[in-house]
Undergrad: 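Structure below; questions to follow.
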Amino acid sequence: MKKLLVILMVLALLTGCNGGDKPTKEKVVTIQVPSDVISMDTQIATDGGSFSAQDMCMAGLMSLDENNLPVCDLAESYTVDETGTVYTFKIRENANWSNGTPITAYDFVYAWKRVVNPDFASEYNWFLETANIVGASCYDPDSGYTVDDLGIVALDAKTVQITLTKPSGFFLSMLAFPTLFPLNEEFVEAQGDQYALTVDNMIYSGPWVMSAWEANYSYEFTINDKYWDYANFKTDKTPDKIVFRVVNDTQTALLEYESGSLDTVNLSGEQVEANKDVDGFINRLSGYLFYLLININKTVGPTDMVNVNARKAMSYAIDREAIATVLNDGSVAAEGIIPFNLANNPETGVDFRVDNGPVVEYNEAKAKEYYDLAVAELGHDITINLIYSTDQGDPEIKAAEQIQYFLEKVGFTVVLNGKPKNTRLMMQRATLEGGKAEFDVSLTRWGPDYGDPQTYMDLFTSWQSTGGYNSTVYDDLVLHAEAATTDAITRWNDFLAAEKVLIVDDAAVVPVFQAGGAMLINPKIKGIRFHVAAVDSYRYIVFAD
Amino acid sequence: MKKYITKRILISIATLFFILLVLFILMDLMPGSPFNDEKLSEAQIAALYVKYGLDKPVVIRFFLYVKNMLSGDLGVSYAINKNFAISQMVKERLGISILVGAMAMGFGTIFGLILGITSALKHNSWIDNLSSIISVIGVSVPSYVCAMLLAYFIAFKLKLFPVLYNKSLPVFSLILPALALSVSPMANIARFTRSEMIDVLSSDYISLVQSMGIKDNKMIATHAMRNTLIPVITVMGPILVNLLTGSSVIEKIFGIPGIGSLMINGIQMNDYNVTIACAFVYSVMYIIMMLIVDILYGVIDPRIRISKEEK
């Protein structure tokens with residue numbers, strides 16, 4: 001009896017093993033992701049992982065090519081009027097939803113009005129305002145606009161017209177962002193509050209359809225034969241299925257990559273050093289720029305940060321290269337508040353970072369000089385209360401320790417005050433309420449929403465600054481740059497000058513490093529597009545020759 | 001007995017309500033907000049609080065929650081899987097955690113009993129010493145170390161089992177995580193069984209049984225084991241609840257979508273409903289387990305049953 005039981009168990013295990021294999025060999029690409037999709041609703045999601053998943057199976061008027069430039073996707077063509085503010089898009093005749101219904105101009109009107117509707121309370125409703133669309137601030141009841149004022153109108157079923165408040169160099173790129181993708185009103189309304197919660201509650205406009213989604217485990221995509229460009233997408237190099245597998249542990253993920261069951265893996269810490277000569281290693285710069293936000297208008301406790309020399313001393317004291325070396329995860333030293341690869345000069349095509357050159361410098365002697373000046377002016381030594389996130393997996397902890405080391409080298413006393421990210425953000429927000437936040441400096445970060453310096457520059461205007469920076473020179477430059485009448489190159493030059501005012505003259509923020517993202521990608525696949533200022537796109541993955 | 005159980009169940013329900021209230025108050029005191037995007041303005045956050053009903057006072061939210069809970073609605077997630085029904089999220093993940101926990105309990109109990117009984121029977125021999133060493137290692141080495149070792153040697157090097165949890169082979173792919181989780185309960189059960197068994201074996205009635213010429217095997221199985229098991233069951237209850245409610249570290253290493261990581265995520269992301277639901281499920285399981293342990297006592301030990309019935 002016992003023997004029989006053992007035999008049965010072994011048989012069960014063996015048949016179990018075979019059960020996993022498919023009878024015909026499917027061509028599958030498996031991408032490692034550290035966390036699950038948070039929402040498949042293009043207007044509820046706020047995180048990169050969800051947006052990337054949406055980019056697989058949803059499409060907008062535009063998409064981004066390998067060089068980050070907007071190209072027509074669902075739009076067949078477009079025209080811009082002479083004021084540069086009225087865009088008319090012709091939607092492709094063969095653009096259809098995955099259930100066969102045509103994608104129309106009404107789908108865009110419905111979607112855009114949904115996201116700015118105050119009752120919907122989307123966390124990304126500000127996105128349309130940033131895109132300079134007329135009436136987009138209607139999500140704010142005090143704006144004087146209503147949803148009906150939104151500058152989008154369907155001229156006919158396949159023609160949509162969008163009106164901007166002023167010409168915008170990055171408007172077309174923003175159309176490649178999922179928040180501005182269309183939604184089919186009839187379908188979405190029929191699903192009610194279940195829309196986009198499961199694969200059965202969605203229809204798709206993009207090149208793939210989501211074929212499975214198991215919470216915190218994996219989500220999968222198969223090709224969408226209703227996509228307008230299906231003929232070009234479906235080749236013998238196209239995978240049958242693209243699977244995103246949630247693997248949170250970097251060690252496990254690397255083992256799985258090495259054993260061949262994952263085709264990409266994100267590396268962290270010492271894994272970067274150990275794998276940098278491995279075939280398939282890449283280090284893609286992310287758009288996240290980490291900087292020290294200075295609580296200039298603090299009103300409680302010591303208020304030394306109001307002293308510009310103290311701030312300059314901080315900026316000179318920090319050896320950013322050394323910090324990037326310690327982080328050892330592909331991060332690079334920041335040279336300004338605008339990250340590398342974000343935006344290019346409209347005339348010469350040169351990267352903003354190259355165009356403006358480094359606006360920060362590591363110089364211990366100068367740091368000491370400014371520190372002594374500050375101490376003389378303030379009449380006492382300077383102690384800095386530095387807050388930073390202690391959430392697992394974030395580079396802030398290591399970076400904060402390094403910052404403390406460099407600042408103390410020139411004379412500062414630094415109190416490290418680690419907080420969960422939630423709490424740190426709450427403390428930062430408190431600076432807006434009359435400077436009551438009890439910290440001097442916060443190590444924080446900003447990820448760009450679109451490929452233009454404005455996404456960073458707006459942060460430090462007097463009407464938006466969380467640190468309380470208030471400079472009329474800076475404000476005027478930004479206002480001038482963003483004025484409707486300013487041409488593209490003047491605007492660009494305004495931003496170049498504004499960055500110098502912000503950092504060189506006033507040291508109002510101290511840029512530290514731009515986050516990296518080292519990873520291994522199976523050399524057998526290609527086509528993943530990483531964008532500093534937009535969603536990483538996996539929809540073009542194919543097998544290499 | 002019936003009266004006793006009814007009374008216990010009523011007390012349990014009252015306890016659960018109290019726990020729920022405490023959880024609500026704790027959530028309210030927790031710093032931060034479920035809406036953590038750096039890009040949100042105060043006004044937008046206020047609008048989101050209104051949308052999810054978080055603007056209401058904690059007492060009102062508590063009663064609304066209880067009312068909805070009684071109809072099986074645990075609310076929706078604000079941050080982890082936005083707008084997903086939490087009852088569904090918990091149900092899916094609890095199933096996997098229970099499976100891996102039960103497997104771990106199975107391994108732990110079997111190996112623990114074998115180890116404990118053998119060392120008690122071979123008291124003060126090298127077998128006893130060896131099993132003591134194993135027990136000490138088992139208690140002191142954290143489960144994630146075992147997990148990493150198993151993942152590397154058994155899965156990656158020998159390729160006997162997969163590293164990652166595989167939904168189409170649930171039991172097979174959960175063997176390694178269950179083994180990793182079972183090390184500590186195994187050691188605990190072994191130590192407990194050993195000391196109890198030694199006590200029992202040196203008691204008068206065992207000497208009596210032996211003097212009656214009853215064979216060793218029968219003596220152990222019917223007389224010694226029964227008395228040994230009573231205290232062992234006491235420790236097994238809480239161990240089992242611990243195992244069933246998931247281990248976020250083991251889940252992370254083996255990529256298991258269980259309830260342990262859900263609760264940790266809920267706390268980190270201030271997803272109040274998720275945290276409350278997970279903590280509540282944990283409490284329910286704990287209380288039920290205590291109840292079962294109590295009833296089991298009666299089944300195993302007639303003395304307890306009789307004394308309760310007399311009351």
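In what follows, chains carry the letters A, B, and so on, assigned in the order in which the sequence lines appear, proteins first and then strands, with residues in each chain numbered from 1.
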Undergrad: Find the one option among A:Asn125, A:Leu459, A:Asp140, A:Val246 whose heavy-atom pairs under 4.5 Å with chain B are most numerous.
TA: A:Asn125

Undergrad: Quick check against the 3.5 Å criterion: does B:Lys51 have a side-chain atom that pairs as donor or acceptor with the backbone of A:Phe120?
TA: yes

Undergrad: Measuring from A:Trp126:CH2 to B:Gln44:CD, what's the distance to the nearest 0.5 Å?
TA: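 Output value for this atom pair is 8.5 Å.
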
Undergrad: Just give me the residue among B:Met269, B:Glu251, B:Lys167 that pairs up with chain A most often, heavy atom to heavy atom, under 4.5 Å.
TA: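 Sorted descending by pairs with chain A, the first entry is B:Lys167.
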
Undergrad: Relative to chain A, which segment of B:Met148 carries a heavy atom at a distance below 4.5 Å: side chain, backbone, both, or neither?
TA: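 Contact with chain A is through the side chain of B:Met148 alone.
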
Undergrad: For chain B, which candidate among A:Met40, A:Gln194, A:Glu214, A:Gln251 shows the most heavy-atom pairs at distances under 4.5 Å?
TA: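 The residue among A:Met40, A:Gln194, A:Glu214, A:Gln251 with the greatest pair count is A:Glu214.
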
Undergrad: Which one of A:Ile38, A:Val37, A:Leu197 has the most heavy-atom pairs closer than 4.5 Å to chain B?
TA: A:Ile38

Undergrad: Within the structure provided, determine whether A:Ser259 and B:Val163 are in side-chain contact (heavy-atom separation under 4.5 Å).
TA: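 No, side chains not in contact.
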
Undergrad: Taking side chain as everything from C-beta outward and backbone as N, CA, C, O, which of these in A:Glu256 sits under 4.5 Å from a heavy atom of chain B? Side chain, backbone, both or neither.
TA: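 Contact with chain B involves the side chain of A:Glu256 alone.
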
Undergrad: Tell me which of these, A:Thr423, A:Asp47, A:Thr46, has more heavy-atom pairs under 4.5 Å with chain B than the rest.
TA: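 Among the listed options, the one with the most contacts to chain B is A:Thr46.
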
Undergrad: Could you check whether atom NZ of B:Lys159 has more than 12 heavy atoms from other residues, nucleotides or ligands sitting under 6.0 Å from it?
TA: yes

Undergrad: Locate the shortest heavy-atom distance separating B:Tyr165 from A:Arg245; write the atom from each residue and the value.
TA: O-NH2, 2.7 Å

Undergrad: So does B:Tyr144 have more than 12 non-hydrogen atoms from other groups sitting under 6.0 Å from OH?
TA: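 No.
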
Undergrad: Counting a contact as any heavy-atom pair under 4.5 Å apart, which residues of residues 76-85 of chain B contact chain A?
TA: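 Contacts with chain A: B:Ala79, B:Ile80, B:Asn81, B:Lys82, B:Asn83, B:Phe84.
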
Undergrad: Answer yes or no: are there more than 12 heavy-atom neighbours, outside B:Tyr52 itself, under 6.0 Å from its atom OH?
TA: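 Yes, because the 6.0 Å sphere around OH of B:Tyr52 holds more than 12 heavy atoms from other groups.
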
Undergrad: Once you round to the nearest 0.5 Å, how far does OG1 of A:Thr30 lie from CG of B:Leu164?
TA: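 That separation rounds to 10.0 Å.
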
Undergrad: How many angstroms lie between atom OG1 of A:Thr198 and atom CD of B:Gln88, to the nearest 0.5 angstrom?
TA: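 Result: 10.0 Å between the selected atoms.
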
Undergrad: If you round to the nearest 0.5 Å, how far is CD of A:Glu123 from CZ of B:Phe35?
TA: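 Answer rounded to 0.5 Å: 6.5 Å.
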
Undergrad: So which bits of residues 93-110 of chain B come within less than 4.5 Å of chain A, counting non-hydrogen atoms only?
TA: B:Arg93

Undergrad: Is it the backbone or the side chain of B:Ile45 that comes under 4.5 Å from a heavy atom of chain A, or both, or neither?
TA: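 The side chain, not the backbone.
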
Undergrad: List the atom of B:Pro257, the atom of A:Ala215, and the distance in Å for their closest heavy-atom pair.
TA: CB-O, 3.6 Å

Undergrad: To check you understand the geometry: which heavy-atom pair defines the closest contact between A:Ala121 and B:Leu48, and what is its length?
TA: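 For A:Ala121 and B:Leu48, the tightest heavy-atom pair comes out as O-CD2, 3.3 Å.
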
Undergrad: Could you tell me whether a side-chain N or O of A:Thr252 sits under 3.5 Å from a main-chain N or O of B:Phe254, the two making a donor and an acceptor?
TA: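 Pair absent, no side-chain N/O of A:Thr252 close to backbone of B:Phe254.
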
